[in-house]
Trainee: 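So that we are looking at the same thing, I have put the structure below in structure tokens.
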Amino acid sequence: MGKYYFPQNFWWGSAASGPQTEGRVSKDGKGESIWDHWYSQEPEKFFNQIGPEKTSEVYTKYLEDIQLMKETGHNTFRTSIQWSRLIPNGIGEINQQAVTFYNHYFDELIRNGIEPFVNLYHFDMPMILQINGGWLNRETVDAYVNYTKVCFELFGDRVKKWFTHNEPIVPVEGGYLYQFHYPNEVNLKHAVQVAFHEMLSSAKAIEAYHEMNLDGEIGIILNLTPSYPRDEKNAADVKAASIADAFFNRSFLDPSVKGCYPKDLIEIIQDLKLIPEMSEDDLSTIKNNTVDILGINYYQPRRIKAKEIPVDHEKSPMPDDFFDNYQMPGRKMNPYRGWEIYEKGIYDILTNLRQNYNNVRCYISENGMGVENEERFINEDGMIEDDYRIEFVKDHLRFVHQAIQEGSNVQGYHMWTCMDNWSWLNAYKNRYGFIAVDLKKDAKRTIKKSGHWFKEMTTNNGFAD
Ligand code: BG6
């Protein structure tokens, strides 16, 4: 029998984001984000043509939702402020209705013993800034830093955990390489510039926060996808996996934690003649403003083999020119999302951080399993029996526990997500929550079996089996 109990004051909870949960009501003063705009232009791209205007209606239902968080055993919860809600034009006037909403939301969480963790950017560029290039445009960095200062001034007396970005590599991949975010381009030069500006904006926001002496912590949330070579004894596979790791993990991990970019990545970008434009002191800003804390989102590993058919980088270079993805025989899959489930990956990430990143203070900021058509599992009491989700969490927590025994500095575990929410182009296809949201019944909430289990597990601060 195994016992998996966690350190005192471990953070148990879940994560969500403003654009995926809040929804819009008429005259709420919110400006358009790229998602509102994209949906208005091409609704057919979104699963069942469900757009971001309704989502799970947290804007009006947050009081009820916070009670449900209590019932599902949360002591912490992450969401994000929507830049386009707070400052509808990206710069300039502040929307006072947004200030009232976020004040009430955060205060109510605190009153109920749930510490709010607040992220400042979750894929949701204000459209008006995107028209001028979004993260491609250096001015966006200044606009973002100004926005973050407004947030620190308004809410920093109560919010003590801040995050500059959620998964900054995803807007790079989705918007500029693989076409699942607006502006839907394929352009590595732009991708590199966007990534650099996001990273710079993170360092500058950290600098601004520390200058304000607000007695809290600030960090970044990264989706770390460990890159495993097909064959560890095959040097070409190992090299290919290391390049994929440089592009998709170390591109943000190294500057965020160590303050500098990895040498191998710089060499590749230099060879491709794609070094981004920057000002003289940008690199020292990045060097001097590393994170206090790191959030780790973990869903799936990346399996890599050496490139089988060499490509000519001159034409239209892509990261994938340097490696091929590899489907490991016998892998365990989540068929709905199409992602491999590899629980040990979470341990490998934590071990890597302990050994190579000075054991940075961290927490698991997202882990989860999106499943389609969960109504199949509704029992006679109207509850979804999602035993697979309970198994998924336990299987990952065993490895988190092992990492802690070996000295890892991991402080908590957040599930994606609290209640079913809107997943970008996938809209409501795959459901991730501890709490079901019935879109046909005015977004009615019902706790799933996993939510009840989470309450029991977090009350005991772990589990035995
Ligand atoms: C993370 C994001 O990548 O994974 C979330 O931070 C996202 O915004 C979640 O919703 C699940 O992924 P998806 O693509 O199924 O929504």
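One-based numbering, in listed order, for ligands and for the atoms of each. Heavy atoms only: backbone and side chains are in, while hydrogens, waters and symmetry mates are out.
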Trainee: Where is the nearest protein heavy atom to atom 9 (C) of ligand 1: which residue, which atom, and how far?
Mentor: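 So the nearest neighbour among protein heavy atoms is Tyr299 OH, 3.5 Å.
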Trainee: Are Asn249 and Asp245 linked by a side-chain donor-acceptor pair shorter than 3.5 Å?
Mentor: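 A pair is found: one side chain offers a donor N or O, the other an acceptor, under 3.5 Å apart.
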Trainee: Does the N or O separation between Asn430 and ligand 1 drop below 3.5 Å for any pair?
Mentor: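 Among all N and O atoms of Asn430, none is under 3.5 Å from an N or O of ligand 1.
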Trainee: Using side-chain heavy atoms (C-beta onward) and a distance below 4.5 Å, is Leu439 in contact with Lys54?
Mentor: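 No, side chains not in contact.
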Trainee: Nearest non-hydrogen contact with atom 13 (P) of ligand 1 belongs to which option: Tyr432, Trp422, Trp416, Trp424?
Mentor: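 Among Tyr432, Trp422, Trp416, Trp424, the closest heavy atom to atom 13 (P) of ligand 1 comes from Tyr432.
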Trainee: Would you say Thr164 and Ser202 are linked by a side-chain donor-acceptor pair, where the criterion is simply a distance under 3.5 Å?
Mentor: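 Note: Ser202 and Thr164 side chains meet the donor-acceptor criterion.
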Trainee: Among protein heavy atoms, which lies nearest atom 1 (C) of ligand 1, and at what distance?
Mentor: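 Checked against all protein heavy atoms, atom 1 (C) of ligand 1 sits closest to Glu366 OE1, 3.0 Å.
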Trainee: Which residue and atom name correspond to the protein heavy atom nearest atom 14 (O) of ligand 1, and how close is it?
Mentor: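 Looking only at protein heavy atoms, the one closest to atom 14 (O) of ligand 1 is Arg337 NH2, 2.8 Å.
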Trainee: Asn426 versus ligand 1: do any nitrogen or oxygen atoms come within less than 3.5 Å of each other?
Mentor: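 No - when backbone and side-chain N and O of Asn426 are compared with those of ligand 1, no distance drops under 3.5 Å.
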Trainee: Does the pair Phe6 and Tyr413 meet the rule for a ring-ring contact (aromatic ring centres under 6.0 Å, His included), with working shown?
Mentor: CA-CA 10 Å; Phe6 288 80; Tyr413 176 89; 8.3 Å; no
Trainee: For ligand 1, which part of Trp339 has a heavy atom less than 4.0 Å away: the side chain, the backbone, both, or neither?
Mentor: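 Trp339 to ligand 1: side-chain contact only, backbone stays beyond 4.0 Å.
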Trainee: Can you say whether the rings of Trp83 and Trp135 are parallel (under 30°), tilted (30 to 60°) or perpendicular (over 60°)?
Mentor: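 Aromatic pair Trp83/Trp135 classed tilted.
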Trainee: Considering only the protein, which heavy-atom contact is closest to atom 3 (O) of ligand 1, and what is its distance?
Mentor: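 Here the closest protein heavy atom is Glu167 OE1, 2.6 Å.
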Trainee: So, do Tyr144 and His197 have ring centers that fall under 6.0 Å from each other?
Mentor: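 No, too far apart.
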Trainee: Distance to 0.1 Å, residue and atom name: give those for the protein heavy atom nearest to atom 10 (O) of ligand 1.
Mentor: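 Checking every protein heavy atom, the shortest distance to atom 10 (O) of ligand 1 gives Gln20 NE2, 2.9 Å.
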Trainee: With backbone taken as N, CA, C and O and side chain as the heavy atoms from C-beta onward, which portion of Asn166 lies under 4.0 Å from ligand 1: side chain, backbone, both, or neither?
Mentor: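 Contact part for Asn166 vs ligand 1: side chain (C-beta onward).
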Trainee: Angle between ring planes, Tyr105 versus Phe77, binned at 30° and 60°: parallel, tilted or perpendicular?
Mentor: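 Ring orientation, 0 to 90° scale: tilted.
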Trainee: Can you confirm, on distance only, whether ligand 1 has an N/O atom lying under 3.5 Å from any N/O atom belonging to His122?
Mentor: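 N/O-N/O distance under 3.5 Å: yes.
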